[in-house]
Amino acid sequence: MNEIVLSFVLKLEIIATILLVLIYVVFKSYNIISSEIETMNETLIETKTGIQVHEEIQEETQNLFVDAYINRINNISAILKLHKNKVITSDELKELADFENVSNIYIVNNEGIIIQSSDKNSIGIDFYKNSELATFIPLIESKENRYYCDFSKKSIMTGNSMVYLMIRNEPDKLVQIEIELSALQEYINGTSISAYIEGIPTKWEKTILAMNSYTGEVIAITKNNEQTIEGENLLEKFKKAQNAPKIVTINKKWQLVISEQVSDDILLVEFISFFNMIYGVLIDSAVFALCVLLLNIFIYYVLIKVLKKYVLQDIMNMNEDIQVFMSGKDIEIRDASTKELSELSKQLIRLKEGIHNSKEQMKLTLSLLGKDFTGYEYYPEYNRLQYADNCLELTGWTESELEKEVKLFFEQNKSKFGENKNVSTLVRVGNERIFKLNRYITHNSVYAIAEDITDKENLKKQLLYSQEESYLDSLTKLYNRRKLESMIQDMNREHEVSKGVMILLDLDNFKKINDEKGHVEGDIVLMKFSDLLRKNFIESDLKVRFGGDEFIILIPYDISEDILIKKIEQFLEDMRVAFHQYHERFQLSVSIGCVYISPKCRKFEDLYYYADVAMYTAKKNGKNGYYIIKDDES
């Protein structure tokens, strides 16, 4: 009778197990799909931000390209000025073009005719009679010193697409250079959206791509995926996936798709194999069901056949082993004296091995992400910390430092367990490298992935350094006019009422030095004068070579007139000492004009105008002095 009852109980347990497995499959599938959708949304947002950053970088890169070649034209103009009394041949211009790494150099007069060229066949070409060159006519007709750049114009000589940059820096002629389109492309390629997306690491079953919103053309796609995207009406289906995830057939497979509109013409799409997600759930469910059934069968045979007094001792031993294991220590689970309990011991051993194998699974996951990734898992219930093999080497942490960091984070965030939250922070570790640390708080563990982003941060610093270099005067290494205008714009944007002073300094009789001693000596004087400015004005005062022998100091803070006068008079005294030889021979001195920044005089143009008026007032008063514009004069 007892065996009949036990058999009935076993059947009920089997039925309950099947129902439990079905509920588990539905619940687990829902959770996995929801979690994956959340992860995909986060990835799309990060990728969208990255694309927008790259678009801004590309625009700035094009500006840097133009600035670089304007410097080359200025070099060419300077060399031509040195030979102004000599006719420069086409061969000599060609050598100069090769030296400056441009295809050709054209010298154009005010009538729009090429009068000198590195390509002798182009001499005599009239810009007014050639439609390809018509875009440069406004610059030819303008008498202002400015430039114009055309990034994709066909050469009238070869028909190839080239970049043309023309600048007027002399009243009677203009200089134009011809640049290979590949030179511009080299600047842009490194910051293209395509390169950014191709460099995103993804799991093999997940794909991220950028698509033209109008034509459906794939602009870029992650490298470790199929590069061909096929299916019916994909563009229309992708657009519908912006509001809610969709199941779409791509390359004859069901894919879970979400999308995000980056701009009017770019649609960002991410999809993952739907079958692969569900397949993992089915495998887990099958293993779970098998374990439960085996456990039920085991209990059945224990209740029927094993009712011996030492069974309790075996169970107590197993319980003791489990408690020790849960405390975080590694142990050998003891075998039982009966066949049935021995089987249970084997199950516990498999469970122990399964927890240890999670480290190998973590290693595999991190290896798919790349060499700059590491991570760890912490199970507070079992007091168990497991980390990737490269964790200590990559971060520079010791094992005790890692354990301290993990447990401190757990204590600070243990109230959030069960919320499935992601905490992302930037940390500087023991070896002075920078990591982006993403820690995921689940219902029973902390899982962390750390990415070494030191090289990415260094790249940002290099871009900022390149931008700063473009703001420097090539001779004196003081800032140039672009930096001055930018700083004044920033001050006006950040402060409703800006404060400070603009000081304009002009070297009196500097031209005599150039005429009698030459430009080399003149450059020495300019550099020495620049050093004197650095010595007399603090680091926060912006020191600018405005052009020629004209300099500007921008003091971006409130300063009283008494202190300003003391600073200027001290500078004039230091100037007399440092340049007394030049003063005796050439009467070299400096005239200074000052204007205070005020609500009605805060724009660059107004400040420069009144500083110039003040400077010329100082000159009229006998030079080698200064004049400060009062509020009622500006």
Side-chain angles (χ1 to χ4, degrees), residues 63 144-146 464 467-468 470-473 476-508 510 526 529-576 589-634:
N63 292 336
E144 298 178 6
N145 288 358
R146 55 191 183 91
L464 290 174
Q467 182 185 41
E468 192 67 14
S470 71
Y471 283 144
L472 294 180
D473 174 64
T476 64
K477 300 306 177 183
L478 298 180
Y479 285 110
N480 57 25
R481 175 174 178 164
R482 288 181 64 238
K483 178 66 175 181
L484 174 65
E485 292 179 346
S486 175
M487 185 168 178
I488 292 176
Q489 288 175 357
D490 291 342
M491 289 171 60
N492 289 332
R493 182 168 54 250
E494 294 171 4
H495 305 286
E496 186 174 343
V497 180
S498 300
K499 296 181 179 180
V501 179
M502 179 185 279
I503 304 172
L504 179 62
L505 307 96
D506 185 80
L507 290 173
D508 303 319
F510 174 76
L526 293 176
F529 183 78
S530 301
D531 291 337
L532 191 64
L533 291 176
R534 292 187 184 95
K535 175 183 175 183
N536 281 266
F537 292 91
I538 62 177
E539 185 175 353
S540 60
D541 297 339
L542 187 70
K543 293 163 278 291
V544 176
R545 183 189 179 194
F546 196 71
D549 58 349
E550 196 171 64
F551 295 80
I552 287 179
I553 303 296
L554 180 66
I555 299 178
Y557 49 84
D558 198 13
I559 181 172
S560 68
E561 185 173 337
D562 290 342
I563 295 175
L564 178 62
I565 290 173
K566 288 180 181 179
K567 287 178 73 74
I568 293 174
E569 288 181 347
Q570 181 62 52
F571 176 78
L572 288 170
E573 179 60 30
D574 290 349
M575 173 76 182
R576 295 182 189 104
S589 61
V590 61
S591 294
I592 302 175
C594 306
V595 61
Y596 273 86
I597 299 173
S598 65
K600 62 180 180 179
C601 183
R602 61 201 299 257
K603 294 182 179 179
F604 165 77
E605 293 80 7
D606 296 333
L607 290 168
Y608 179 77
Y609 171 79
Y610 286 108
D612 190 58
V613 169
M615 184 268 292
Y616 275 104
T617 302
K619 283 184 179 289
K620 290 178 182 178
N621 292 339
K623 301 183 179 180
N624 197 26
Y626 64 92
Y627 186 85
I628 301 174
I629 291 282
K630 308 297 182 182
D631 287 344
D632 57 352
E633 296 178 272
S634 63

With a 4.0 Å cut-off, would you call Asp574 and Lys535 a salt bridge?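 Looking at Lys535 together with Asp574, the answer is no, because their closest N to O distance does not fall below 4.0 Å.
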Salt bridge flag under 4.0 Å for residues Lys600 and Asp606: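 Salt bridge: no.
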Which distance, rounded to the nearest 0.5 Å, do you find between the [atom1] of [X] and the [atom2] of [Y]?
X: Ile503; Y: Phe537; atom1: CD1; atom2: CZ; answer: 4.5 Å
X: Lys543; Y: Asp531; atom1: NZ; atom2: CG; answer: 11.5 Å
X: Asp541; Y: Ile538; atom1: CG; atom2: CD1; answer: 4.5 Å
X: Leu533; Y: Met575; atom1: CG; atom2: CE; answer: 9.0 Å
X: Leu526; Y: Leu507; atom1: CG; atom2: CG; answer: 6.5 Å
X: Leu484; Y: Leu607; atom1: CG; atom2: CG; answer: 9.0 Å

Do Glu561 and Tyr596 have a side chain donor and acceptor closer than 3.5 Å?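 No.
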Side chains of Asn492 and Ser498: do they bring a donor and an acceptor to under 3.5 Å? yes
Can you give me the closest heavy-atom contact between [X] and [Y], atom names plus distance?
X: Lys477; Y: Leu472; answer: O-CD2, 3.7 Å
X: Cys594; Y: Leu564; answer: CB-CD2, 4.4 Å
X: Met502; Y: Ile552; answer: CG-CG2, 3.8 Å
X: Ala618; Y: Ser591; answer: CB-CB, 4.3 Å
X: Arg602; Y: Ile488; answer: O-CG2, 3.6 Å
X: Ile629; Y: Ala614; answer: CG1-CB, 3.5 Å

Under the side chain to side chain donor-acceptor pair (under 3.5 Å) test, residues paired with Lys567 that sit two or more places apart: none
If you count every heavy atom of other residues, nucleotides or ligands that lies below 6.0 Å from [X] atom [atom1], does the total exceed 12?
X: Glu494; atom1: CD; value: yes
X: Tyr609; atom1: OH; value: no
X: Lys499; atom1: NZ; value: no

Is there a donor-acceptor pair under 3.5 Å between the side chain of [X] and the backbone N or O of [Y]?
X: Asp490; Y: Arg493; result: no
X: Arg545; Y: Gly548; result: yes
X: Thr617; Y: Val613; result: yes

Output, in order, the C-alpha distance, side-chain angles, deciding distance and verdict of side-chain contact (heavy atoms from CB on, under 4.5 Å) for Glu550 and Leu505. CA-CA 6 Å; Glu550 196 171 64; Leu505 307 96; over 6 Å; no
Run the numbers on Tyr627 and Tyr616 for ring-ring contact (aromatic ring centres under 6.0 Å, His included), then give the verdict. CA-CA 9 Å; Tyr627 186 85; Tyr616 275 104; over 10 Å; no
Contact check, side chains of Val544 and Lys483, non-hydrogen atoms, under 4.5 Å: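 Counting from C-beta outward, Val544 and Lys483 never come under 4.5 Å.
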In the structure I gave you, are the side-chain heavy atoms of Arg576 and Asn624 within less than 4.5 Å of one another anywhere?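 Side chain of Arg576 against side chain of Asn624, heavy atoms only: contact under 4.5 Å found.
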For ring-ring contact (aromatic ring centres under 6.0 Å, His included), just list the numbers for Phe551 and Phe529, CA-CA rounded to whole Å, side-chain angles, deciding distance to a tenth of an Å, and then say yes or no. CA-CA 10 Å; Phe551 295 80; Phe529 183 78; 4.9 Å; yes
Yes or no on side-chain contact (heavy atoms from CB on, under 4.5 Å) for Val501 and Val595, after CA distance, side-chain angles and deciding distance? CA-CA 6 Å; Val501 179; Val595 61; over 6 Å; no
For Ile592 and Leu572, what are the C-alpha separation, side-chain angles and deciding distance, and is it a side-chain contact (heavy atoms from CB on, under 4.5 Å)? CA-CA 9 Å; Ile592 302 175; Leu572 288 170; 3.8 Å; yes
